[in-house]
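In what follows, every chain begins at residue 1, and chains take the letters A, B, ... in the order their sequences are listed.
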Amino acid sequence: MHKPSFSNAERIWQVVALIPPGKISSYGVIADLAGLPGRARYVSRALKLANDELNLPWHRVLNSQGRIAFDKQTEAFAEQMMLLRLEGVDVKNGRVDKTQYMWQPDMATLVMQLSF
DNA sequence: AACATGACGCGTC
DNA sequence: GGACGCGCCATGT
């Protein structure tokens with residue numbers, strides 16, 4: 001077997017980087033798109049591990065209910081809500097309307113944009 | 001090798 | 001809605 005070109009974390013980062021401004025996705029969906037079904041938890045871990053200089057749009061990743069995953073009273077929560085609002089996403093009570101904002105990428109385009 | 005971590009998801013009550 | 005249990009598993013120590 002060949003050594004994989006990218007680690008699981010790197011693949012997750014690649015997918016997150018594709019979420020367009022004004023749209024959101026979820027940990028579970030990102031895991032699926034990265035070829036890691038059932039590993040939503042690893043997406044959160046990978047985001048925590050990511051270098052700031054990657055400039056990932058981490059704020060566009062919410063939980064499966066469209067809610068910000070951080071506790072309401074944390075700095076991270078406030079920052080994520082601010083970043084989302086800056087790009088026009090309506091956040092109410094730490095939650096966004098998934099039917100309105102969920103990123104629904106075209107598969108063919110997605111495949112072309114990913115390196116793995 | 002064993003163990004804890006992790007910004008999760010889903011079903012059930 | 002909320003609380004709880006369980007599945008998930010790469011990574012770091």
Closest heavy-atom pair and its distance - A:Leu84, A:His59: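 Heavy atoms only, the tightest pair is CD2-O, 3.4 Å.
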
Non-hydrogen atoms of A:Ala46 and A:Trp13 that approach each other most closely: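 Closest heavy-atom pair between A:Ala46 and A:Trp13: O-NE1, 2.9 Å.
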
NZ/NE/NH1/NH2 to OD/OE distance under 4.0 Å, A:Arg60 and A:Glu87: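 Counted as a salt bridge, because a side-chain N and a carboxylate O are separated by less than 4.0 Å.
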
Without decimals, in angstroms, what is the distance between [X] [atom1] and [N] [atom2]?
X: A:Leu47; N: C:dT11; atom1: CG; atom2: P; answer: 14 Å
X: A:Asn8; N: C:dC8; atom1: CG; atom2: C1'; answer: 13 Å
X: A:Ile12; N: C:dC9; atom1: CD1; atom2: P; answer: 13 Å
X: A:Tyr27; N: C:dG7; atom1: OH; atom2: C1'; answer: 19 Å
X: A:Arg45; N: C:dT11; atom1: CZ; atom2: P; answer: 9 Å
X: A:Ile24; N: B:dC8; atom1: CD1; atom2: C1'; answer: 14 Å
X: A:Ile68; N: B:dC8; atom1: CD1; atom2: C1'; answer: 16 Å
X: A:Lys72; N: B:dA7; atom1: NZ; atom2: P; answer: 18 Å

Given C:dC8, B:dG6, B:dG9, the nucleotide with the shortest approach to the side chain of A:Ala40: B:dG9

Spacing of CG belonging to A:Leu62 relative to CZ belonging to A:Arg95, to within rounding of 0.5 Å: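 Result: 11.0 Å between the selected atoms.
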
Watson-Crick or G-U stems involving DNA chain B, each at least 3 pairs long, distances under 3.5 Å, ordered by first number: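 Result, WC/G-U stems under 3.5 Å: B:2-6 with C:9-13, B:8-13 with C:2-7.
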
Kindly indicate whether the side chain of [X], heavy atoms from C-beta on, has any atom under 4.5 Å from the side chain of [Y].
X: A:Ile30; Y: A:Ile19; answer: yes
X: A:Pro57; Y: A:Val16; answer: yes
X: A:Ile24; Y: A:Trp103; answer: no

Sugar-phosphate, base or nothing in reach of A:Arg95, heavy atoms under 4.0 Å: sugar-phosphate

[N] OP1/OP2 closer than 4.0 Å to side-chain N/O of [X]:
X: A:Arg41; N: B:dA7; answer: no
X: A:Ser64; N: B:dC10; answer: yes
X: A:Ser44; N: B:dA7; answer: no

Residue whose closest nucleotide on DNA chain B lies nearer the 5' end, A:Gly28 versus A:Tyr42: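 Final value for this comparison: A:Tyr42.
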
